[in-house]
Amino acid sequence: MIKFYLTSAIPYVNAAPHIGHAQEFVYSDTVRRYRKLKGEDVTYLCGADENALKIVQAAEKKKQDPQTFCNVHQKEFLNLAEKLNVKFDIWQRGTDRKHHFPASQKLWELCDKKGDIYKKTYTGLYCVGCETFYTPDELDGKGECFEHPGKKLDNVSEENYFFKLSRYQKFLEDLIKTNKLKIFPEIRRNEAFAFINRGLEDFSISRSRQRAKNWGVPVPDDPNQIMYVWFDALNIYQSGIGLGWDEKKFRKWAPQDAMIIGKGILRFHAVYWPAILQSAGLPLPQTLFVHGYMTVDGQKMSKTVGNVVDPVEILEKYNSDSLRYYLLREIPSYSDGDYSERRFKELYNSDLANGLGNLVARVARLAEKTEVLQIHKFSFNERAAGNFQKNLEEYRFNDAIEIIWNKIKEANQHIDTNEPWKLTEKGLTSFLNVSANRIVEIATLLQPFLPQTSKKILDQFQSKEIRSQPPLFPRL
RNA sequence: GCCAGCGUAGCUCAGUGGUAGAGCAGCGUCUUCAUAAGGCGUGGGUCACAGGUCCGAAUCCUGUCGCUGGUACCA
């Protein structure tokens, strides 16, 4: 049995989930379901990024200790996933001392043994108020940070550990040029390649324990240093499947067959991560899908504008499949997309209520009037044509779904051409043996995208007697 | 600043040299099995702007304007 190990970016738990998280969860869940339908042994891992300094700062503001803060906020993501009907096989947290800490220390030691970790003095502009280093372009015209105007930044030097990324220049060039790591869409591949070609510098992978506020994964054999959050956060992809605590499990699932991320973190996944793994002598990820960002009513989401869309609110009003449909169909998976309630309703009515829902209702009603029909049990693989699967494997969800909706259109045409309401019972039965099976085929193909709806239709049409049911998607 | 991409019907987008396309929204019409749903038909675009190459440009070249992304320690 072919194994398939899928990961999506681990959300940073210092803010509530927004519609972009919903998008990534739904994409990942669709891939997970698709692979399962193909008969592969699939594990989908997501988790919580909890070791950043900003977590400590956010917790301080709420007068909570960081661990409590994380415990509370990571749940919001689990809650969203559940409401979206998205299933994580593994949920790996960054604060998990039993598995994640030893796994990250093991990764560190492997890179260290290879000679890729060394100590160097890092000098930067440090804002005492923010407790963060800034680069000059992150500051305002006066060279001050935006949070604390009028306060000069300190020039602070600190000894940190660095990772010898420069050593992997050639390796990374080849990795991407030869498509050993396949990146979708191509524009992201080009970006990663351009970044590498400009020349790679070593990057810092630790902070002083004091500056990290004693929060994060300790560096092995150096009580004064804590791992920089990126080093351990990426490693959640491995700590969750057993690195350092269950070698058998790790060998079964590694490497990542697919990583799903947003465009903002391309560099970490296409450059830093493969280099770290290569250094550690661990297996390398196979494909990387990079989706875009979502705007709301044409505007960037931002807390200050106050237009952040809470997907849970949508899910309280509409069922999960209708939001899944919007995200999968309306948003072009290779570029940015927009969410608007007006468009949501438009798409819901035209495609789900009038399209799929109505088709199912009209055929079900006709079927009530006939003898037993011969309904097939299609296997997904058998019905999924080449283009359909290709679209899915290249993460063009919107194109894949379009193929299904063309079938819905054809099914409607077929009904209107044959005018089954004029047929005798015998004629009707033979008509429905075609028409009802078309619906079963459509529902079969729909499984990765709209699992609940697909199941409802299959249950309805594969039961002994087909009966009319309440509308799948009542018109809005 | 530099690099890359984009700008096509009200909306979302396809089309990369040979008479402008799809879906949705609109309009008309047919039909009644169906969620006032469905089928068929139809209106709608100086293809950002200006210049150039070519028998012929949405498509190639140059320039202008607008938007987006990247430009390393930003989850």
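Throughout, protein chains are lettered first and strands after them, A, B, ... in sequence-line order, and every chain is numbered starting at 1. Since the structure is predicted, the reported quantities are computational estimates derived from the model, not experimental observations.
- Between the side chain of A/Asn354 and the base of B/A37 there is no donor-acceptor pair of N/O atoms closer than 3.5 Å.
- If you check B/G38 for Watson-Crick or wobble pairing at under 3.5 angstrom, you find it paired to B/C30.
- Using N1 to N3 plus N6-O4 or O6-N4 for Watson-Crick, or N1-O2 and O6-N3 for G-U wobble, each under 3.5 Å, B/C73 pairs with nothing.
- Side-chain atoms of A/Ser350 lie closest to B/C24 of the nucleotides B/C24, B/C33, B/A37.
- When both pairing distances are held under 3.5 Å, B/A4 makes a Watson-Crick or G-U pair with B/U68.
- Pairing for B/C11 goes to B/G23, judged as Watson-Crick or G-U wobble with the two contacts each under 3.5 Å.
- Judged by distance alone, the side chains of A/Gln452 and A/Ser320 do bring a donor and an acceptor atom under 3.5 Å apart.
- The side chain of A/Asn412 lies closest to B/G38 when the candidates are B/G38, B/U35, B/G69.
- A/Gly20 comes within 4.0 angstrom of no nucleic acid atom, judged by non-hydrogen atoms across all strands.
- When side chains are defined from C-beta on, A/Ile205 does not count as touching A/Met227, because their heavy atoms never get closer than 4.5 Å.
- In the region residues 413-433 of chain A, proximity to RNA chain B at under 4.0 angstrom, judged on heavy atoms, holds for A/Gln413, A/Asp416, A/Trp421.
- The distance from atom CG of A/Leu366 to atom C1' of B/U35 is 15 Å, rounded to the nearest whole Å.
- The local environment of NZ in A/Lys182 is sparse, with at most 12 non-hydrogen atoms from other residues, nucleotides or ligands closer than 6.0 Å.
- Of the inter-residue distances, the one linking A/Arg267 atom CZ with A/Arg188 atom CZ reads 13.5 Å to the nearest 0.5 angstrom.
- Note on A/Leu165: a base of the nucleic acid sits closer than 4.0 angstrom, heavy atoms only.
- No engagement by A/Ala52 is indicated, since no non-hydrogen atom pair under 4.0 Å with the nucleic acid exists.
- In this structure, B/G45 forms no base pair with any nucleotide, since neither Watson-Crick nor G-U wobble geometry is met with both distances under 3.5 Å.
- To the nearest angstrom, P of B/A37 lies 16 Å from CG of A/Leu359.
- On the C1' atoms, B/U29 is 46 Å away from B/C54, given to the nearest whole Å.
- Using the Watson-Crick or G-U wobble rule with both distances under 3.5 Å, B/A50 pairs with B/U62.
- Taking a 6.0 Å sphere around NZ of A/Lys75, one finds it holds 12 or fewer heavy atoms contributed by other residues, nucleotides or ligands.
- Here A/Arg198 does not reach the OP1 or OP2 of B/C2: none of its side-chain N or O atoms lies under 4.0 Å away.
- At a threshold of 4.0 angstrom between heavy atoms, the contacts of A/Pro332 are confined to the sugar-phosphate backbone, with no base atom among them.
- Distance CG (A/Leu472) to C1' (B/A34): 12 Å, rounded to an integer number of Å.
- When both distances must be under 3.5 Å, the Watson-Crick or G-U wobble mate of B/C55 is B/G18.
- Residue A/Lys409 is classed as a sugar-phosphate contact, given heavy-atom separations below 4.0 Å to backbone atoms only.
- Interface remark: the A/Arg365 side chain does not form any donor-acceptor pair with the B/C33 base, using a distance-only criterion of under 3.5 Å.
- Residue contacts for A/Phe195: at a heavy-atom cut-off of 4.0 Å it reaches a base atom on one of the strands shown.
- Side-chain contact, A/His100 with A/Asp232: a donor N or O sits under 3.5 Å from an acceptor N or O.
- Look at A/Lys54 and you won't find any side-chain N or O under 4.0 angstrom from OP1 or OP2 of B/C74.
- Two residues, A/Arg188 and A/Glu201, neighbour RNA chain B, and the one matched to the more 5' nucleotide by heavy-atom proximity is A/Arg188.
- A/Gln374 CD: 12 or fewer foreign heavy atoms inside a 6.0 Å radius.
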Original post:
Could you go step by step and tell me if A/Thr68 and A/Asp65 meet the side-chain hydrogen bond (donor to acceptor under 3.5 Å, both in side chains) rule?
Top reply: CA-CA 6 Å; A/Thr68 309; A/Asp65 73 277; 2.4 Å; yes
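- The shortest distance between the side-chain N/O atoms of A/Arg475 and the OP1/OP2 oxygens of B/A37 is below 4.0 Å.
- Side-chain polar atoms of A/Gln67 and A/Asn71 form a donor-acceptor pair below 3.5 angstrom.
- No contact: A/Arg329 has no heavy atom under 4.0 Å from any strand.
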